[in-house]
Amino acid sequence: MTDLASALSAANAAVFATLGLDARHAEVRRSDRPDLAEFQCNGALAAAKAAGKKPLELAGEIAAAWDNTGLAAKPTIAGPGFLNFTVSANALTLRAQAIAEDARAGASLVARKRRVIVDYGGPNVAKGMHVGHLRASIIGESIKRVFRFRGDEVWGDAHFGDWGFQMGLMITAIEDELGGLADAPKLDARLQGLSLDYLEAAYPAAAAKAREDVAFRDRARKATAALQAGAEPHRTIWKAMHDVSMAAQKRDFASLGVDFDLWLGESDADPLIPEMVRDLESKGLLEEDQGARIVRVAGPGERKKKKLDDGTVIEVESPDPLLVISSEGSAMYGTTDLATIVQRVRDQQPDLILYVVDQRQADHFEQVYRAAAKAGYIAREALEHTGFGTMNGSDGKPFKTRAGGVLKLGDLIGQAEEKARARLREAEIGADFTTEEFEDVAHKVAIAAIKFADLSNFRGTSYVFDLDRFMSFEGKTGPYLLYQAVRIKSVMRTA
RNA sequence: GCGCCCAUAGCUCAACUGGAUAGAGCACCCGCCUUCUAAGCGGGCGGUUGCAGGUUCGAGUCCUGCUGGGCGCGCCA
């Protein structure tokens with residue numbers, strides 16, 4: 001099945017060919033001026049330029065060469081040489097019937113099926129889902145669904161942040177809280193009572209302490225390296241934190257309507273790191289630098305100026321090298337990202353990996369992608385960072401609560417649901433519903449408002465989160481869209 | 001300092017990759033509920049596309065230079 005624009009383009013291309021014109025210029029598309037015609041082709045202008053002819057004259061020749069195919073009448077000419085097409089009633093009817101009978105509503109499939117991994121969501125085990133994860137989750141889920149609908153084989157991967165310095169921080173925080181990790185029963189009791197709420201409260205405190213207290217930071221770095229080396233009880237503590245967090249975050253994702261095929265994380269790539277490091281070594285890519293081990297990814301002549309803390313400006317390679325092993329011997333996030341590519345190539349053989357992550361990490365991904373290509377793990381073109389802007393508060397800064405903390409995802413959804421309930425009551429809708437039905441509708445309206453608002457904004461820029469505007473039942477909003485769908489169903493029912 | 005991104009109606013955003021008269025929603029003004037969900041519908045008002053040049057038959061779109069804003073620049077992720 002082909003859509004009308006494609007059918008017109010094909011017919012127009014044939015006409016162009018008979019006149020010896022480049023068929024690339026024959027594309028027919030929906031008209032900018034629906035008052036004049038349904039479809040248009042601007043190619044006569046470009047073709048005239050290439051042929052050294054007058055646009056209007058050439059457009060006339062093209063129009064004259066058209067047969068009445070049953071698809072559309074001969075195009076009319078307007079302006080400097082636009083071709084305007086009006087589709088026949090019969091062609092319209094056939095197309096409408098075809099769409100109605102097609103399970104895919106006329107959407108075409110990709111010419112060649114690809115294997116695609118969409119890496120999105122990316123929750124941090126120690127942080128819990130907050131508004132910052134909203135865009136990654138919503139955009140990533142949508143991209144995954146679109147690719148899948150288009151016929152590609154797609155895996156969504158949550159890629160949990162469960163292997164970095166934050167894990168060492170938490171282990172050290174627990175060590176200090178318990179006065180050491182030697183007392184097994186005491187530790188066991190602590191881990192039994194572990195909750196995501198605890199992690200969320202303890203993590204910022206530990207992170208702040210690490211910034212102030214150098215000794216604490218060094219112990220946390222050592223704990224990170226120890227965990228990654230498989231030490232106990234580090235491993236046990238990590239497992240407890242991981243499991244508690246995973247369970248809670250699965251609930252959050254579920255309430256957003258977000259689901260993954262792979263619930264993997266940074267830690268799952270860890271077993272591949274030693275061999276990957278040996279491989280990088282054997283390829284001569286690993287270099288010692290200031291006690292750390294790095295892979296240089298800048299090409300010849302790629303330099304940038306860089307301002308140091310003391311104000312002096314030096315020239316260095318650009319992009320920065322990828323830090324593979326810290327001076328403490330631990331893996332960094334670039335390390336796990338690289339190892340994850342190795343893992344994905346091994347397990348899914350992807351043609352394309354999309355990273356739906358905050359735009360601010362663009363430089364980081366460029367480093368990782370270059371390193372992966374340099375090591376021969378995957379083609380650079382198979383890796384793409386689908387960056388997006390932040391969700392800001394009314395002050396234009398990344399969203400915070402009034403108290404200055406991050407707003408938890410669950411609380412945000414709760415606020416939207418409360419607003420939805422109020423609007424439903426105002427409109428006296430659902431008064432005859434059971435409590436369960438009413439709550440279900442309120443939840444759906446709330447999620448629709450949030451998702452639609454996010455997706456209707458340009459991905460690359462930040463936007464201001466304004467719940468009142470998003471929850472409005474008037475205008476370009478999720479609730480309005482839901483209302484239209486419900487209304488159409490009502491019409492169909494009573495038709 | 002260097003790099004990336006952004007700037008369009010009072011506000012939030014489009015503009016199909018260089019085409020015709022730059023479009024929607026909100027807000028504001030006017031008009032529509034005895035029949036499908038008024039959570040709605042129709043109409044009106046609103047523009048030197050940040051500034052200055054350039055390329056082109058044609059520029060919001062491409063190039064150059066400015067101005068203003070966001071973000072990033074090794075041992076956090």
Side-chain angles (χ1 to χ4, degrees), chain A residues 5 27 29-33 35-36 40 42-46 48-49 54-55 78-82 84 122 124 126-127 161 163-166 168-169 207 210-211 217 220-221 224 266 289-294 303-308 311-316 318-337 357-364 366-367 387 389-390 392 396-398 423-424 426-429 445 453 456-458 460-464 466 468-470 472-477 479-480 482-484 486-495:
Chain A
E27 190 197 351
R29 60 183 217 207
R30 207 170 64 230
S31 178
D32 289 332
R33 294 287 304 274
D35 53 316
L36 299 179
Q40 63 176 330
N42 304 332
L45 287 95
K49 192 184 221 170
K54 289 182 180 163
F82 298 106
N84 285 332
N124 184 316
K127 283 188 195 166
W163 204 239
F165 180 61
Q166 79 270 24
L169 266 179
R211 279 194 293 274
R217 190 191 66 205
R221 290 191 64 204
T224 305
E266 295 170 342
D289 193 85
Q290 297 168 42
R293 310 192 74 190
I294 60 168
R303 317 280 295 170
K304 68 173 175 188
K305 286 181 179 164
K306 182 172 184 169
K307 197 173 188 175
L308 299 179
T312 56
V313 176
I314 56 167
E315 197 176 275
V316 296
S318 175
D320 285 328
L322 184 74
L323 187 54
V324 178
I325 306 284
S326 80
S327 54
E328 207 57 65
S330 60
M332 306 300 293
Y333 73 135
T335 321
T336 48
D337 276 347
V357 183
D358 194 319
Q359 189 60 45
R360 288 176 295 189
Q361 293 192 41
D363 290 350
H364 163 71
E366 183 61 28
Q367 290 170 257
T390 53
N392 294 344
K397 298 257 170 62
R423 292 288 164 83
L424 289 169
E426 272 169 32
E428 292 175 17
I429 290 182
V445 169
S456 62
N457 272 290
F458 175 54
T461 54
S462 301
Y463 71 97
V464 175
D466 180 348
D468 284 326
R469 193 159 59 81
F470 300 165
S472 169
F473 290 129
E474 296 170 1
K476 271 176 17 182
T477 68
Y480 172 80
L482 277 185
Y483 174 63
Q484 295 307 330
V486 168
R487 204 175 180 199
I488 288 166
K489 283 190 175 176
S490 174
V491 171
M492 298 300 280
R493 255 201 315 276
T494 54

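Throughout, protein chains are lettered first and strands after them, A, B, ... in sequence-line order, and every chain is numbered starting at 1.
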Spacing of the C1' atoms in B:G72 and B:A77 (rounded, Å):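 Nearest-Å result for B:A77 against B:G72 at atom C1': 14 Å.
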Mind checking if [X] touches a base, just sugar-phosphate, or nothing, with heavy atoms under 4.0 Å?
X        : result
A:Thr461 : sugar-phosphate
A:Asn84  : base
A:Phe165 : sugar-phosphate
A:Ala78  : base
A:Pro321 : base
A:Leu322 : nothing
A:Asn124 : nothing
A:Gln166 : sugar-phosphate
A:Ile294 : base

So that I can compare with my own list, what are the stems of RNA chain B, taken as at least three consecutive Watson-Crick or G-U pairs with distances under 3.5 Å? B:1-5 with B:69-73, B:10-13 with B:23-26, B:28-32 with B:40-44, B:50-54 with B:62-66
Are any of [X]'s side-chain N or O atoms less than 4.0 Å away from OP1 or OP2 of [N]?
X        : N     : result
A:Tyr480 : B:C41 : yes
A:Arg217 : B:C76 : no
A:Arg469 : B:C13 : no

Is B:U17 syn or anti, taking syn as a glycosidic angle within 90° of 0?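 B:U17: syn glycosidic orientation.
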With syn defined as a glycosidic angle within 90° of 0 and anti as everything else, classify B:C33. syn
Would you mind telling me which residue lines up with the more 5' stretch of RNA chain B, A:Thr224 or A:Gly79, judged by nearest nucleotide? A:Gly79
In terms of the nearest nucleotide of RNA chain B, which residue is placed more toward the 5' end: A:Lys304 or A:Arg423? A:Arg423
Spacing between A:Glu315 atom CD and B:G1 atom P, to the nearest angstrom: 15 Å
Using atom CZ of A:Arg360 as one end and atom P of B:G69 as the other, report the distance to the nearest whole Å.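 Rounded to the whole Å, the gap is 19 Å.
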May I ask you to decide if A:Tyr333's main-chain N or O and A:Thr336's side chain share a donor-acceptor pair within less than 3.5 Å? yes
Given [options], identify the nucleotide with an atom nearest to the side chain of [X].
X        : options             : value
A:Glu474 : B:A38, B:C75, B:C26 : B:C26
A:Met332 : B:A77, B:G74, B:G72 : B:A77
A:Arg29  : B:G74, B:G19, B:A20 : B:G19
A:Gln361 : B:C13, B:A77, B:C41 : B:A77
A:Asn457 : B:G19, B:U12, B:G72 : B:U12

Within this structure, what is the CZ-OG distance for the pair A:Arg221 and A:Ser327, rounded to the nearest 0.5 Å? 4.0 Å
Value rounded to 0.5 Å, distance of CE in A:Met332 from CG in A:Asp337: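 That separation rounds to 11.5 Å.
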Do A:Glu266 and B:A77 have a side chain to base donor-acceptor pair shorter than 3.5 Å?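 Not at all, since no donor on one side and acceptor on the other fall under 3.5 Å apart.
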Atom CZ of residue position A:Arg303 - does it have more than 12 heavy atoms of other residues, nucleotides or ligands inside 6.0 Å? yes
Is there aromatic stacking of A:Phe82 on B:A20 here, judged by a ring-centre distance under 5.5 Å and a plane angle under 30°? yes
